[in-house]
Every structure is written in structure tokens, then in C-alpha cells.
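First comes the structure, then the notes that go with it.
By convention in this document, chain letters (A, B, ...) are assigned in the order of the sequence lines, proteins followed by strands, and residues within each chain are numbered from 1. Atom set for the values below is all heavy atoms of this structure, side chains included, hydrogens, waters and symmetry mates excluded.
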Amino acid sequence: MPSSQSPPAGATALDPTAVRPEIADARIVRVAPAELRATLAGLKNDGFSMLLDIGGADYPGREPARFDVVYHLLKLPVRIASAAEIGTPERVRVLCGVAENAAAVPTVTDLWPSADWAEREIFDLYGIRFDGHPDLRRIQMPDDWEGHPLRKDYPLRGPARERTPRPSFALKSNVAAGTPASGKTAAALQKQIAQARQKTKDDTP
Amino acid sequence: MTTSIVPQAAGGYDVDVIERSDTSMVLSMGPQHPSTHGVLQIITEIEGEIVTKASPEIGYLHTGIEKSAENLFWSQASTVIERMDYLSPLTNALCYYLAVEKLLGIEGAIPLRAQRIRVLLSELSRIASHCVWLGTGGIDLGALTGFFYCFDLRERILDLFEMSGGARMHPNYIRVGGVGQDLPQGFLAKLDGLIDMYEPRMRDVRRLLQKNPILQDRMIDVGIISPEDAVAWSLTGPVLRATGIAYDVRKAMPYSGYDRYEFDLPVRTEGDAYARFLVRLDEMDEAMRIIRQVRKELDEPGPWQIPDTKFAPPPKETIALSMEALIHHFKLVSESFRVPPGDVYQAVEGPRGELGYYVVSNGDNRPWRVRTRPPSLYNLQVLKKIAIGELIADMVVMIGSLDPVFGEVDR
């Protein structure tokens, strides 16, 4: 059982992405929304033919881009191919920072038709618009829902039930944006991330 | 042109006529349709019996699992994560913990026996999951008998899950750094029984279903997917391999020691529903081939969890004797472990395709973000494309052949 201490309030600016080069699970590319389409189209021409997934992430307080839209690409041949031909296909992860006040990125549904539902889901759960998407509406939540549930400042049980008693596991939830759940303070966490980032910078010539 | 279909005739217990013009009609199939394997609604436009447009509507089973996982400890989150793909919960938990282990930097320290047990359970999950697909897929086409053969086999696998983790459906047996406990007494004997009964059982199932001319008529040349479309629509798993592209995470990026085992990838090039059917059937046999190899190795005893008590609870008998063990146990239960900051994408080959987890840690004792790449979501989406030009009656065949699980599609 988690302890029942109430969380310290206050937002934190955390960005723990791309600080672990030793994991080497994928090549990481960070782009701005303006160059996103050119980057993805270029990668597609380079053979990254499959868009595996589009996900979102919320880092409240991060400036200038609060949200990340994360594209996972895989280099697969677009024809009948044996396992030996495929070998170990390369992965690339494209992270696109999106500002809170202009939360929009261009759609990639014309490059990959499979982007349709994934983009709708990010629009639904994070409130990030995809310019040029043919059918941008909510997909998981009901059409008349208010708010975007996967944002960190959206209460775990929804705004309506937030004042009623909470189950014990939710006592230290992320109701206050970015609040650390453990006893560690936000400043300590941020320091840890900054150190990891500095170390990554020092290691890469 | 006027159609011969009158609204009354189409208005059965599960199909409502929404709109009708002289040439085409809009039908809503589901969300309470027995052949949609969960809660899927498909708004179809039909001309006569030919589908001209199909728009699947999902989200009826959305339970906010990703949000819940952000609010649970690293070790608690797997309980909700197992509920995404409820037909192969262990694969979900395995993929999540592989990602967490990478962030912790302990992926090289997982004991051999734990890896073997993980492979064994993943392959048992694959067979159990394909049993549901095969049984219910047969029912969709009116072949009721196969269902009982498949579910009997699946029940025996679930018995093994119950022995290992204590629950049939969601054992939560895989933990960070290994598995929850060693395989209990009698497990291996029961596994041997399963291995012995598997082949005669599958021979029966194949005789019942594979060569069945009615099933063949319903499935051959229905819902054809080309390799180009398969890549463009992000299809993975048996659906991709039925189009001729032999991509399997177990072969391409082996995890948990899959590279130690010998197995083939069943691949077909037809790309229709029958090809997917055959690929899955052959995949069950290949899974059993891996299980036989793992079974031989499991006689060798060994640790099943990393000895590091910072992540794995110390052995119960030491808690009463050692102060450190008691402290570690208390800390693990009361506030779990902390994971160094970073982000990682980890994929495993689930029964439905590439199951991926993009996990972000900010250094705290709860995940900052757990994003699932659900194979069913992408496999189901292609229905928009392949349903066009097919008969409305073949819709259930196509849904069945894509094998979606809605816990995972909607999360």
C-alpha cells in the first residue's frame, strides 16, 4: 500500500527522452512540427516503409513544447521477403515537440493510411490537432466528452468524481501536474534528468 | 436500380437499417454483434449484398489502462497492463517488464531459468490465444464442433497458468528481473501431459476444420491483402506473414533467448483469410516445437529471479532472519523501486503481431508514460480497405481472420 502523504503541489518540467544512448533500441530523431513531414517522407524514401505506431506524451511545464508526438518507424521491404532477407530491421523514433497553445502537427495519413486511428487517438486523449486529417474526431472517448484524459493535469477519475474519496492506489496520482509520486522532490528528479542529459552530451563527441 | 432488400428483412436482432436509398443502404453492424469478438461497430454501406464502404467504430471498451498505469507503481502497473490483450496476458506483461528491465539496466542479468520460463509461457499463451481464435472463428462460420476441441486444449493451458501464477486468465506471474516464483511441483508433469495430447488433438482439429470444404469456400479469396498494403497499413503478426513478408520479432530482434531455439516462420503468399488461417495453425505447431525444446531445459534447476533485492523481493525465509531483507521487502511493498530516467521502445511478438511498449521514466517509482503499440488496433484498421467489394456476409469472416482483441484495441 502506498503511504497516504499528499503530494507536493506544483508543476515540473521533465524531459527524460533521449538520455539513455546505451539502450540503443532505435535511432532517435527530434524535429519541430514544421519539418516533421519532410523528415518522415525522407525516412520513408530511405526504406522506413512501416509506420509502427504514433504515441503521445505530456511533459507539463516543458518549454517551448509541452507535448511530444512520437513516431516509431521500421525498415521493412515492401514485397514478399524471407526472414533471412529481412534480418534485423532498423528502427527509428521521431520525436516531435508540440507547444501547448498551438497544439497541432501536420497529418501523415497520406503517407501511411494506418496513421488514421493513431492520430485520432492522440487528438482524443491529448488534444493535439492533426492538420489535414480527413476525419479528425474522438475515437476512444464519447463524442461529447470534455477534456483530454491522458494529459497529466486531467484527474485520474475524471473531473466529476475528483472530490469524492479516492481508492488508496490513487492517493498520490498525477492530479497536480507532474507531481512526483515518491518522496523524491520534483527538483531532485529534475536534477537527475539534467545530469543524465549532461552525461549523454559529454559522451557524444 | 432498386435493391430487393426490404428493411424488415434486414432488421434482425443485431442489424438495424439506418438509412436506405434506391441504390445503396447504410447498415450498422454491432456493437452487440456476436461475431465481432467484442464490442465493434461497423457502419457499412451496401449495394445489394456488396459492401461499398465500411467504417469500423471502436472505443466501446475504453478503460483508460494507460492512464491507470501512470498512477501505479512500476510493479503494480503490470496488473492493469495484463488486461489489455486478455487472451495472452503474459505477453503483455513480458513486453512491459522487458522495457522496464532495459531502463533499469538489468536486462543482461536475468537468470537463464527465468528466461526459459518466460519463453515457455509466451508460447503457451500463443497456443491458448490461437485456440480462442480458431474455436470462435469456426463458430462464426457455423462450425461449432471445433470450438469444444480448441477450448479443451486451451483449458489445459490455463490450468498450467493457474499452477504457475495462481490465476487462469491474468496470472501476473512475470515480474521485474524474472518470474514471481519457481515452477510449482507437478507443473512439469502436467506440461508433459499437454505436450503428449497436443498432437492428436490438433490432428482432430485440422481434420475438422482445415480441409472442410464449407470453410474453404468461405475463406479462400476473401479479404485479400497485398504485401504493399500490409506494410502501408502497419500490419504485423500472422496477418503480415500471410502476405509473404516473414517479419517476426522473435527472429528479427530476439528477446528472452529466442535465438537459442529452433523454429520456422510459417509464411504464405496468398494474403486471403484462408492463408491467415493456415499461418496461425502452423504457428501453433511451431510454438509447440519451441515448448518441447524449453521443456528439456527446464529439468535443470536454477534461480528464477535476479538476486538483487533492490528490485526483486528477498526470499521469504530470509525476511525473519535478516534485517536488510526485511527493510528491502518493506521498501519494495510500500514504495516500489525507482527507475532511472529515460525512454525505451520494446517489442515482442504477441499472438497478434508486434506488441510494443514505449515506456518513459522520469526517475520516479511510477512510470511517466506507458504507451502500448497494440497489434490488434492496426490489424483491425485494414478492414476499411479489404471489406470494399466483398459480400456483407463475409464481413464476419474477415473480422475473424484479423483476430482482434478489443481489450487491446480500446485499452
Legend entry - Under-4.0 Å salt bridge between B:Glu70 and A:Lys152: yes

Inset, instruction - Indicate the ring-plane relationship of B:Tyr358 and A:His72, choosing parallel, tilted or perpendicular according to the 30° and 60° boundaries. - result: perpendicular

Legend entry - Short N-O contact, A:Arg91 and B:Glu354, less than 4.0 angstrom: yes

Inset, instruction - Would you tell me whether A:Asp53 and B:Tyr378 have side-chain atoms, one donor and one acceptor, within less than 3.5 Å of each other? - result: yes

Legend entry - Short N-O contact, A:Asp116 and B:Lys384, less than 4.0 angstrom: yes

Legend entry - Between A:Pro89, A:Ser82, A:Pro142, the one whose heavy-atom pairs under 4.5 Å with chain B are most numerous: A:Pro89

Legend entry - Closest non-hydrogen atom pair between B:Met253 and A:Leu74, with its separation: CE-CD1, 3.9 Å

Inset, instruction - Look at B:Arg369 together with A:Asp68 and state whether they make a salt bridge at an N to O cut-off of under 4.0 Å. - result: no

Legend entry - Spatial distance of atom CG (A:Leu125) from atom NE2 (B:His62) [nearest 0.5 Å]: 5.5 Å

Inset, instruction - For residues A:Ser114 and B:Gln381, determine if any side-chain heavy atom of one lies less than 4.5 Å from a side-chain heavy atom of the other. - result: yes

Legend entry - Residues A:Glu22, B:Lys102: salt bridge by 4.0 Å N-O rule: no

Inset, instruction - Output the option from B:Pro340, B:Pro374, B:Gly105 having the highest count of non-hydrogen pairs under 4.5 Å with chain A. - result: B:Pro340

Inset, instruction - Heavy atoms only, distances under 4.5 angstrom: which of B:Pro375, B:Gly59, B:Pro341, B:Pro227 has the most pairs with chain A? Name it, please. - result: B:Pro341

